[in-house]
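Heads up: the structure comes next, in structure tokens.
A, B, ... follow the sequence lines: proteins, then strands. Residue 1 opens every chain.
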There are 2 protein chains.
Amino acid sequence: MSGLRAIKKRKTRRAIMDAAVKLFSEKGFENTTVNQLAKEAGVGKSTIYGYFQSKNEIFLAFCEDEINFVFTDLAEKRDPDTPIEKQLLTLFMEQLRYVSRNYDFGRILVREMIFPKELTMEKSNDLSERYLGALGEILTRAISRGELRDDLDLLYISGHFYAFYLLVLSAWYQRRLQNEQEVEDALRKLMQQAMEGLAPGNGQHHTNKR
Amino acid sequence: MSGLRAIKKRKTRRAIMDAAVKLFSEKGFENTTVNQLAKEAGVGKSTIYGYFQSKNEIFLAFCEDEINFVFTDLAEKRDPDTPIEKQLLTLFMEQLRYVSRNYDFGRILVREMIFPKELTMEKSNDLSERYLGALGEILTRAISRGELRDDLDLLYISGHFYAFYLLVLSAWYQRRLQNEQEVEDALRKLMQQAMEGLAPGNGQHHTNKR
DNA sequence: GCAAAAATCCGACTGCGGTCGGTTTTTTTG
DNA sequence: CAAAAAAACCGACCGCAGTCGGATTTTTGC
């Protein structure tokens with residue numbers, strides 16, 4: 001059978017991933033060469049390309065692990081019955097913090113996830129799928145609690161909020177939003193707008209505000 | 001003075017741009033090498049790097065021209081007093097069509113614009129700035145016509161709609177939205193949601209729809 | 001248990017984007 | 001107008017990601 005072979009394979013893969021984690025976090029993604037990865041992992045260069053299609057994909061694989069971790073971690077400590085705005089805020093901010101622990105790191109992740117090349121399409125769609133799934137769950141509960149309209153398509157509500165996440169991510173990477181507090185404020189405002197509606201006559205608590 | 005010099009400089013720059021337009025549209029961005037560009041333009045390779053900092057920047061310069069064109073073109077044929085949703089729809093769809101005339105083309109543009117590297121940051125912020133400016137103008141008129149609430153921060157309204165554009169762009173590049181019609185429908189739905197609000201009790205024309 | 005087949009591994013090699021030193025062309029200066 | 005200074009130009013060169021043909025290890029068939 002394929003006993004020994006499979007074990008070795010997993011071991012090699014693990015070795016590559018370990019090397020990636022170590023070197024990427026030590027010196028960043030851009031400053032780590034595939035040769036260095038190979039040496040650190042104790043394998044040949046093309047062996048790596050037998051396991052991953054590109055340097056970016058090694059990176060995405062690493063992200064996949066981490067994202068799973070963040071999600072389960074988050075699922076545990078999130079109270080599923082706090083108001084929807086608060087839950088989403090926590091989710092988004094957690095993601096942002098995660099994504100931008102290392103600047104290159106985050107940029108590559110979001111670039112690949114949000115505007116994938118053909119090559120990495122599959123992997124990155126996996127990640128997005130998981131993300132939207134988690135979002136959908138939170139929103140479904142909110143709908144059933146009566147915090148959101150129930151006459152809308154769930155997908156489009158998810159999309160609506162996900163769009164905000166994309167926006168702040170983008171603003172973050174364009175340095176328009178400079179620190180976490182600004183991001184949080186922006187998200188809060190946007191979500192409030194979304195809930196109340198932009199058309200006149202909606203939720204104008206204090207019409208003559210200014 | 002610096003007559004001859006300046007003329008020549010402009011000519012060289014133009015030659016490079018022309019070569020870029022030709023080769024990029026002929027063979028795509030990824031399949032065009034800087035050497036080929038140099039040969040086509042009739043200059044040395046490093047001359048190119050005297051005019052542009054990177055291959056991507058050549059591309060952005062090209063985009064800048066084109067975006068200006070699209071904007072002025074659009075400004076002319078857009079009726080500034082049609083309903084806001086319709087105007088935005090036209091703007092976004094026009095942009096999408098522009099961006100995705102060539103697949104690589106669009107992906108690189110949006111990647112660089114939305115998640116810029118340090119190097120291209122300046123140039124790409126220019127482009128975003130222009131974009132948000134145009135958006136802001138449209139929205140200001142809409143507010144003064146009473147189509148939008150006047151108690152909100154203009155920047156955040158722009159952001160709200162811009163977020164939708166990012167979302168559909170992303171969905172487009174992830175192949176979740178497969179043709180222009182789907183994109184248009186999605187945008188329409190999202191904008192309607194945004195106008196009405198997501199909280200219960202807002203604009204539920206036909207509560208028992210399904 | 002051994003040969004043939006299959007899977008895995010390897011480092012020399014290719015072609016790319018980008019840089020560097022030296023050369024030519026234009027401008028400035030006296 | 002000559003010569004020094006400045007600007008623009010060039011192609012050989014570098015380090016990188018990714019590939020290729022062949023060597024090595026594991027599995028399979030008998």
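Between Lys117(B) atom NZ and dG17(C) atom P there is a gap of 13 Å when expressed in whole angstrom units. When the P atom of dA7(D) is taken as reference, atom CZ of Arg10(B) falls 18 Å away, rounded to whole Å. Rounded to whole Å, atom P of dC9(D) lies 12 Å from atom CZ of Phe52(B). Here dG17(C) presents its P atom at 11 Å from CD1 of Ile108(B), a figure rounded to the nearest Å. Separating the CD atom of Gln36(A) from the P atom of dG15(D) is a distance of 12 Å, rounded to the nearest angstrom. Straight-line distance from the NZ atom of Lys11(A) to the P atom of dA7(C): 21 Å, rounded to whole Å.
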Atom pairs under 3.5 Å, N or O on each side, protein against nucleotides 17-21 of chain D: can you list them with distances?
{"from": "dA17(D)", "atom 1": "OP1", "to": "Lys55(A)", "atom 2": "NZ", "distance (Å)": "2.8"}
{"from": "dA17(D)", "atom 1": "OP2", "to": "Val34(A)", "atom 2": "N", "distance (Å)": "3.0"}
{"from": "dA17(D)", "atom 1": "N7", "to": "Lys45(A)", "atom 2": "NZ", "distance (Å)": "3.0"}
{"from": "dG18(D)", "atom 1": "OP2", "to": "Tyr49(A)", "atom 2": "OH", "distance (Å)": "3.1"}
{"from": "dG18(D)", "atom 1": "OP2", "to": "Lys55(A)", "atom 2": "N", "distance (Å)": "2.9"}
{"from": "dG18(D)", "atom 1": "N7", "to": "Lys45(A)", "atom 2": "NZ", "distance (Å)": "2.9"}
{"from": "dG18(D)", "atom 1": "O6", "to": "Lys45(A)", "atom 2": "NZ", "distance (Å)": "2.8"}
{"from": "dC20(D)", "atom 1": "N4", "to": "Ser46(A)", "atom 2": "OG", "distance (Å)": "3.0"}

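When atom types are taken as modelled, the side chain of Arg149(B) and the backbone of Gly197(A) share a donor-acceptor pair closer than 3.5 angstrom.
If you check the side chains of Arg111(A) and Asn56(A), you find no donor sitting under 3.5 Å from an acceptor. Under 3.5 Å, the side chains of Asn68(A) and Arg130(A) contain a donor-acceptor pair of N or O atoms.
Using a 4.0 Å cut-off, no side-chain N or O of Thr47(A) falls inside it from OP1 or OP2 of dT8(C). Checking the phosphate oxygens (OP1, OP2) of dT8(C), no side-chain nitrogen or oxygen of Tyr51(A) falls inside 4.0 Å. Considering only side-chain N and O atoms, Thr12(B) lies under 4.0 angstrom from the phosphate OP1 or OP2 of dC9(D).
Taking the ring axis of Phe29(A) as reference, the NZ or CZ atom of Lys55(A) stays within 45° of it and closer than 6.0 Å to the ring centre.
Every residue meeting the side-chain hydrogen bond (donor to acceptor under 3.5 Å, both in side chains) condition with Glu40(B), not counting sequence neighbours, appears here in chain and number order: Lys22(B). Listed by chain and number, the residues in a ring pair (Phe, Tyr, Trp, His ring centres under 6.0 Å) with Tyr131(B) are Phe71(B), Tyr162(B), Tyr165(B) (sequence neighbours excluded).
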